[in-house]
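Working notes, structure below.
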Amino acid sequence: MNPEKFHTNPIMKDIYTADPAPMVYKDRLYLYTTHDEDELVNDFYTMYDWRCFSTDDMVNWTDHGKIFSLDDIEWADDRAWAPQCIERNGKFYLYCPVHKKDGGMAIAVGVSDKPEGPFKDLGHPLVDEGDWNDIDPTVYIDDDGQAYLYFGNPELRYVRLNEDMISYSGEVEKIPMTVEAFAKGGHDSGTTYGEGPWFYKRNGIYYMVFAAFAEGVHQEHLAYSTAPTATGPWKYGGVLMSEEGGVFTNHPGIADFKGHSYLFYHTGELPGGSLFHRSVCVAEFKYNEDGSIDTIPMCKGVEAV
Ligand code: FUB
């Protein structure tokens with residue numbers, strides 16, 4: 001294969017990356033990821049910082065390095081987990097789950113003038129319900145200007161962000177975890193919904209892509225649900241990617257870029273790969289005419305655009 005025209009998975013081959021979150025801005029695709037350290041502490045996820053990479057052709061990637069880290073968040077001490085970034089009014093907001101010094105997970109926000117950071121912490125959590133559900137934020141600004149931040153494991157919850165993107169109005173809302181919404185499955189709610197939601201709208205359909213558990217299977221697959229409004233009711237759509245990647249987790253990020261649709265995910269396929277040493281990959285896919293998506297196979301890589 002011609003390396004100028006095809007990029008083989010995993011996208012980053014020098015470090016372990018996970019939890020991909022793409023953002024298209026000004027003809028460039030920025031990819032935010034977590035970073036699995038080589039050396040584990042307590043044989044668990046050892047993750048201290050967030051990384052950013054960007055490309056204008058899906059083949060040549062610029063490494064922007066560490067763009068935000070636990071050292072920048074005075075009130076956090078561990079677990080730099082799955083982020084997502086969005087632009088509003090010329091500023092960039094990076095939503096990040098972290099473990100608080102006084103216990104429990106919460107969602108931090110880093111703010112920057114540039115997509116590649118560096119990001120500066122708000123100084124306090126944005127979402128902090130005092131339980132462990134506050135992980136894996138996904139953010140979307142609807143056509144009417146209302147921004148939504150969904151998150152959660154094992155429950156899917158959301159807040160309506162204010163225009164400043166660093167505060168919200170109203171309560172934390174809980175999505176009913178029904179079989180109609182997320183199919184019967186093996187996670188705590190009795191549905192397949194596990195974690196890692198990815199929320200967006202395309203051609204008038206709202207999508208919730210997520211990491212999912214089938215009954216009796218101890219490895220995540222990816223699945224999706226759709227809704228006619230930003231807040232539901234959600235209807236299960238099907239399996240997006242089956243449990244092939246060789247590691248317990250998977251985590252979706254979806255983007256349209258230069259006329260192509262991409263699903264970013266992670267596997268354990270770099271040498272030394274493991275549950276705690278993951279690597280981000282990408283697959284191109286097409287939507288069906290009615291907006292549904294067929295199961296996407298893991299793949300060797302993608303062509304230049
Ligand atoms: O990477 C740490 C956690 O594992 C993420 O927050 C989850 O989505 C899963 O990928």
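Remember, predicted model here, so these are calculated numbers, not experimental data. Both ligands and their constituent atoms are indexed starting at 1 by order of listing.
Ligand 1 has no nitrogen or oxygen under 3.5 angstrom from a nitrogen or oxygen of W81. The N/O atoms of H251, backbone and side chain alike, include one that comes under 3.5 Å of an N/O atom in ligand 1. At a 3.5 angstrom cut-off on N or O pairs, D19 counts as close to ligand 1.
Nearest protein neighbour of atom 4 (O) of ligand 1, counting heavy atoms only, is R278 NH1, 3.4 Å. Nearest non-hydrogen protein atom to atom 9 (C) of ligand 1 is E195 OE2, 3.5 Å.
Close placement of the F92 and Y25 rings is indicated, their centers lying within 6.0 Å of each other. Checked against the 6.0 Å centroid threshold, W50 and F68 count as a close aromatic pair. Between Y236 and F182, the gap from one ring centroid to the other reaches at least 6.0 Å.
No side-chain N or O of R51 forms a donor-acceptor pair with one of T33 less than 3.5 Å apart. Between the side chains of H35 and T17, no donor-acceptor pair is found at a separation under 3.5 Å.
Interface atoms of ligand 1 facing H266, defined by a heavy-atom separation under 4.0 Å, are 10 (O). Taking a cut-off of under 4.0 Å to the non-hydrogen atoms of A82, the atoms of ligand 1 that pass are 6 (O).
In the candidate list D136, D36, T249, D136 is nearest to atom 7 (C) of ligand 1, counting heavy atoms.
A salt bridge is absent between E303 and K5; no separation between the charged side-chain nitrogens and carboxylate oxygens falls under 4.0 Å.
Using cut-offs of 30° and 60° for the angle between ring planes, the Y207 and Y287 rings count as perpendicular.
At a 4.0 Å heavy-atom cut-off, ligand 1 touches M47 through the side chain alone.
The closest approach between a heavy atom of E220 and any atom of ligand 1 is not below 4.0 Å.
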